[in-house]
Structure formats: C-alpha cells, structure tokens
J.: 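Below are the structure tokens for one structure; questions will follow.
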2 protein chains.
Amino acid sequence: MEPLTTEQKIIEAASKLFSRKGFAATKTREIAEEAGINLALLNYYFGSKENLFKGVVKEKLRMLLEAMIPILSDAKVPLDQKIATIARNYTKLLLENEELPIFILNEWSVNKELFVDITRNARLFTMPVIQEQLKEKGITTNTADFIVNILGLVMFPFVAKPMITSSGLVKEEEFADFVKRREGNIVEWINKINA
Amino acid sequence: MEPLTTEQKIIEAASKLFSRKGFAATKTREIAEEAGINLALLNYYFGSKENLFKGVVKEKLRMLLEAMIPILSDAKVPLDQKIATIARNYTKLLLENEELPIFILNEWSVNKELFVDITRNARLFTMPVIQEQLKEKGITTNTADFIVNILGLVMFPFVAKPMITSSGLVKEEEFADFVKRREGNIVEWINKINA
DNA sequence: AAGTGATTTAATCATTTGTTTAATATTCCC
DNA sequence: GGGAATATTAAACAAATGATTAAATCACTT
C-alpha cells in the first residue's frame, strides 16, 4: 500500500482528534504530532485550524447521512426494507466509528453557523417519499416520528454509550453484541410501533 | 427576590456557557463577563476553571438522572406508570433545558475520567427492579433494551434537534409541539414494542 | 548539473488564556 | 468605631496557542 501523503496524514490525525475531543479541545500541535508532521504544514495545506475542521466535519457528516438519505429517498425501496437497511448500515458504521454521532450532533449543537454553511444546498431528508409509502400501507405514524424513531433506536445507544456502560446497564465488552442484537429487533420494533 | 450572591452569579453564568459551548470553548473571561464579576473572583471562589466545571457537570448530571432513577428503581410504581412518568418528566425537563442531554452525553464521551470521579459511588441504574417487573408481566424485552428504548425515544429528539430542524423534518417553531405529541405516543410505542 | 517550483523545517510572533498577586474596599463582630 | 476577616479590583505573569516567516531541502524538468 502507498504511503500516505502529508495532506492525508494531517486529515487522518485531525479526524481522529477532532472526533474524540471536539474543535476547541484539539490543539494544532497535537494534530501535527499525531500526524508526525511539522506544525507549519498544517497551515501550509489547510490555511487554518478552522478550515481543516470544516473539512473533517463535512466528511463525517457525509458518512452519517449517506447511511440513510439514499435509502430513505429511494421510492423503489419498500418501507420494511428501508428500516432493515438503515438499521444494518448504522450498526455497522457506528461500531466502526463510535464517536461519530455524538461528535456531529454536539458540534452541530454548539456551532450551528458552521452547519448552516455546510448543509446549504444539501437536501438532508426527503419526506415526500416516506410520507407516500406510509400512506400506502395505511400507517398513521407521522413522517418525522417515523424517521426520528428509527434514528433514535439505532443511534442513541452510541450517543449514550458512556452512560450505558459505566452504569453497568451493558458491560463495555458486551456493547458490540448489544447493538448487534438490537439491529434485528429494531425492524420488529418499528413495525410494531407503526401497526 | 434576593439579589444573587457572587458565587451564584458565577455558577449561573458558567452553567449557561459550559452547557452551550462545552468546557474547552468556554473561556474564564467570558464567564466573568456573563456573570458581571471580576475575573479573579472565579478563582477566588472556585479555585480553577476545571473545578467550576465539575460543579456544573455534577448539577446537570443530577438533573438528568433525577428525572429517571427514583422512578425506575421504585418497586411500588408499576411499569406502565414508570414509562409515562419518565416520558413526562423528560419532555418537561428537556424543553426547559434543551442543551442538557447533548452537553452531558458529549462531555461524558470526551472526558470519561471526569465522570469516573463524579459517578463513583452513585448507583446510576437499578436493573433488578425493572427486570422483576418485566418478568411479572411476561415481557421478554431485556432490561437494557427497555431502558435504552425509553431514553432513546424521549431524549434523542433533543440530542438531534439541530439536525431535525435544519433538515426541515420538524420546523423550529413546531419542535415543542412535536416532542409534546411524542410524550403521549411514547407510552403506547413502548407497550407495543414489549407486547 | 543547474534551475525551478513545491515541500518541509526551525524559529518566532502576537494573542489568548488560566491563574496569581498585591492593593483596595466592604462587611462583620466586639 | 476599630480592627479583623472577607470580598473585590486592576494589573501582571507564564504558558499555551494559532499563525507566519524565511531559510533549507526535495523532486522534477531540461
């Protein structure tokens, strides 16, 4: 495999540190050290810490949305399959990137202006398709609840992981099994909710 | 009403700013300005920024847990009533403190050591009571799922509020109605899930 | 091999930031 | 009312931090 370019090394280090600690707590010198590069290269390639952060956030947000939007908005995919696919996609994605949802949701909450910029011209959700499919099946649950319920059931365990594990509700070493078991259950649960 | 003491003014300002922006992004000078006090008083009363932060986190965590733990762990409260009370408590609490859950969950994620200190000797969840009550009613849902589902359904909309509103899924001005409507639905949903 | 542009480095700058100090003001108690 | 404890202030300090500079090195073309 190719060795990473300087630019890639910086992005990887920044991605890791920003995700773990957030924007303000991550220092440019830490990123440089983690990447194994000279501090000045960070500004040489990305201009500023903020600009680098924007790049990381964009990529992370894309990862988070891509597991959901294309599936939700595809009218050819039936509702049942949408639920199953989203549960599967997120369980896999978030097991590999546990800090992803809390990072994005927290930065979005703390730094709304940044996301106005990033999400401009980006259709985040396509409600009409879902609305139609719910109607077809005679389901009265409203569209927003439908989506929020799925996301809540699948994402919340990751968002609240420290609370869940440190309370003993789920042991740290059993967490992966816990969410994998939920993956299958969520499809049933959502169907029961909508019945 | 009594005028606030200096100590109280600092706590209120710190509480507001830490909740909104997190530890690292909040500067001591901002806190002092927001509180309308001299910068040195912060250290005079609280010793350090970190110590002040710990106080704020403790109080916020207490708020978040108190809406749940006493109810969950009370064997005299039947399961149905537990669900309804927790949904009601959190909807009210979080409408009044929208940043509360994302603040606590993010800081917990970012700064685990701090919470080891704070939650030491604090029984966060009491599973045996719930486990017994689920068994009595012949519900096969496991205890962790039961609790995570309730919390996810009730807390997730607040955690993901920026995403939900800026995507147009729920309009900002309709958000309060949205979660109030969910409050009643959640009881039904949880019962359906467990049926 | 020389020249050219891109990349990397060490050093430095200007601010910001958490904290402390020493002096002044205020409150409390006898 | 005076003196001791408490509270408040302005100023300063040292370290940290994001960014920049100018020189050095590297890669590539001719």
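Within every chain, numbering begins at 1; the chains are lettered A, B, ... in the order of the sequence lines, protein sequences first and strands thereafter.
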J.: Answer yes or no: is there a side-chain heavy-atom contact under 4.5 Å between Val159(B) and Asn106(A)?
T.: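 Answer no - side chains too far apart.
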J.: Rounded to whole angstrom units, what separation is found between the CZ atom of Phe53(B) and the P atom of dT19(C)?
T.: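 Between P of dT19(C) and CZ of Phe53(B): 13 Å.
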J.: Once the angle between the rings of Phe115(B) and Trp108(B) is folded into 0 to 90°, is it parallel (under 30°), tilted (30 to 60°) or perpendicular (over 60°)?
T.: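 It falls in the parallel class, under 30°.
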J.: What is the distance, rounded to the nearest whole Å, between atom CD1 of Ile37(A) and atom C1' of dT7(C)?
T.: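 In whole Å, dT7(C) C1' lies 12 Å from Ile37(A) CD1.
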J.: When you check every protein heavy atom under 4.0 Å of nucleotides 18-27 of chain D, what one-letter string (B, S, -) results, 5' to 3'?
T.: BBBB------
J.: Going by the angle between their ring planes, with limits at 30° and 60°, are Phe53(A) and Phe18(A) parallel, tilted or perpendicular?
T.: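 Rings of Phe53(A) and Phe18(A): perpendicular, over 60°.
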J.: What's the CG-P distance between Leu41(B) and dT19(C), to the nearest Å?
T.: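 One finds 14 Å between P of dT19(C) and CG of Leu41(B), rounded.
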J.: Between Leu52(B) and Leu42(B), is any pair of side-chain heavy atoms under 4.5 Å apart?
T.: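 Yes; the side chains approach each other to less than 4.5 Å.
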J.: Nearest whole Å is fine: how far is dT8(C) P from Glu33(A) CD?
T.: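 For the pair Glu33(A) CD and dT8(C) P, the rounded distance is 18 Å.
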J.: Looking only at atom types and distance, does a side-chain atom of Thr141(B) sit under 3.5 Å from a main-chain N or O of Phe146(B), one as donor and one as acceptor?
T.: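 No: the side chain of Thr141(B) does not pair with the backbone of Phe146(B).
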J.: Between Asn194(B) (side chain) and Ile139(B) (backbone), is there a donor-acceptor pair under 3.5 Å?
T.: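 Not confirmed, Asn194(B) side chain does not pair with Ile139(B) backbone.
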J.: Between dT9(D) atom C1' and Ile10(B) atom CD1, what is the distance in whole Å?
T.: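 Taking CD1 of Ile10(B) and C1' of dT9(D), I get 13 Å after rounding.
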J.: In whole angstroms, how far is the C1' atom of dT7(C) from the CD atom of Gln8(A)?
T.: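 The answer, rounded to whole Å, is 16 Å.
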J.: Looking at every strand, decide which applies to Phe46(B) at a 4.0 Å heavy-atom threshold: base, sugar-phosphate, or nothing.
T.: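 The residue Phe46(B) makes no contact with any strand.
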